[in-house]
Protein chains: 2
Amino acid sequence: MQIVPPALERLVADLTRLPGIGRKTATRLALYILRRPAAEALGLAEDLATLHASIRMCGRCFAFSETDPCSICSDARRDDRLVCVVEEPGDLMAIEKTGVFRGVYHILHGVLSPMDGIGPEELKIKELYDRIKEQETAEILIATSSTVPGEATASFLMDQLRRFPVRVSRLACGIPMGMDIKYADEHTLARAIESRQNIDHI
Amino acid sequence: MQIVPPALERLVADLTRLPGIGRKTATRLALYILRRPAAEALGLAEDLATLHASIRMCGRCFAFSETDPCSICSDARRDDRLVCVVEEPGDLMAIEKTGVFRGVYHILHGVLSPMDGIGPEELKIKELYDRIKEQETAEILIATSSTVPGEATASFLMDQLRRFPVRVSRLACGIPMGMDIKYADEHTLARAIESRQNIDHI
């Protein structure tokens, strides 16, 4: 008994392949798209169809971009001696939104995960070393996530980068802004205590 | 400063228009699609582009279908004298999945919501009356959601259907299967007590 029309079922199956979208959500989205005017579905279809053709990777920082080098790498106002190493393009966007970072980026496109067969060769790590050798670099800010694989990747990089004459830094860990201390998890709180900062009284 | 390439930004904007998808989720999905092979994005684009052209509404029950009448309405094994009234096509799919309902459906395509300007004329309610008049109907099972607008729509229908010689029933409300009573909300528990069922001891 076919209760979902095949054309709808195909769309549901496509959407179910996206991360974090189960069959229920996919069905809800597909029915929503069907109820909206056809022009909206066609617009989304068009943007999906042109996505890969329009976007390449920046050959310097490996960000997704329509130009190579990307707009950040080619911006003369950015300090290219300060390189922020992130896991994914989404991390770059999150940092850019803060508006406080004036350096450039290097995107690893993943984290070390030996269980999944992802070693240093699968990430843009050799390219990071090449970059440090080829252009003047003062500081590498490691901004991997504070997850187990993110921390492992950071440790590996911190260890390897010792052989280069660059300053290596990491994002600070601690209590998130606006969080009540009693709701902070014990690992975060422990890290915040260990990394406590001195206050200079005048 | 353009940090998101325009082609990616267009896709993020499209996805943000879908229900329950905010900018963060849309960005995550768009980056995922970009990292996957272009063929997958093209497949999704194709299925979106053909969706509206392939699917129409069944002229009898108003379900989405590739045929008119739909596969349920044209199935001789279904009892067309028992009509289950639901809000949306997704509700039909949920009921079909149970496998216990052997009647046919009538999809209202919404709920009464005077605040949003949705009265009986905006829903397929007149079509329901026409159906009852034109074909032999023994029972109308009202299966709107147990939400405020769903209940209001059910009350309206129960009142209006009194003028037709049909039995009118509603889905039972009560404790969900597998739920611990102490976690049931007070309204559900109150309804379960009011609708308590007699047990016949042999």
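Convention: sequence-line order gives letters A, B, ...; per-chain numbering from 1.
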- Query: A:Y32 versus chain B, heavy atoms under 4.5 Å apart: side chain, backbone, both or neither?
  - Reply: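 When you check distances to chain B, only side chain atoms of A:Y32 fall under 4.5 Å.
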- Decide yes or no on side chain to side chain contact (heavy atoms under 4.5 Å, CB included) for A:L31 and B:M93, but give the supporting numbers first. CA-CA 11 Å; A:L31 286 170; B:M93 293 177 199; 4.0 Å; yes
What residue in [options] has the most heavy-atom pairs under 4.5 Å with chain B?
options                    : answer
A:D47, A:L29, A:L18, A:I21 : A:D47
A:L8, A:T25, A:L92, A:L15  : A:L8
A:L11, A:T27, A:T67, A:T50 : A:L11
A:A38, A:A63, A:S54        : A:A38
A:P37, A:P19, A:S65, A:A7  : A:P19

- Message: To check you understand the geometry: which heavy-atom pair defines the closest contact between A:P5 and B:I55, and what is its length?
- Response: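 Looking at all heavy atoms of both residues, the shortest contact is CB-CD1, 4.0 Å.
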- Message: Just verifying a value: how many Å separate A:L34 CG and B:L51 CG, rounded to the nearest 0.5 Å?
- Response: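 If we round to the nearest 0.5 Å, A:L34:CG and B:L51:CG are 5.0 Å apart.
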- Short N-O contact, B:R35 and A:E88, less than 4.0 angstrom: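 Yes, B:R35 and A:E88 are salt-bridged.
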- Query: Does the side chain of A:L42 reach to within under 4.5 Å of the side chain of B:L48, using non-hydrogen atoms?
  - Reply: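 In short, these two side chains do not touch, never coming nearer than 4.5 Å.
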- For the residue pair A:L44 and B:L44, establish whether any side-chain heavy-atom pair is separated by less than 4.5 Å.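 Not touching, per the 4.5 Å side-chain cut-off.
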- So what's closer than 4.5 Å to chain A heavy atoms on B:R36: side chain, backbone, both or neither?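 When you check distances to chain A, only backbone atoms of B:R36 fall under 4.5 Å.
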- Check whether any side-chain N or O of B:H52 sits under 3.5 Å from a backbone N or O of A:A41 as a donor-acceptor pair, and report yes or no.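 Such a contact is absent between B:H52 side chain and A:A41 backbone.
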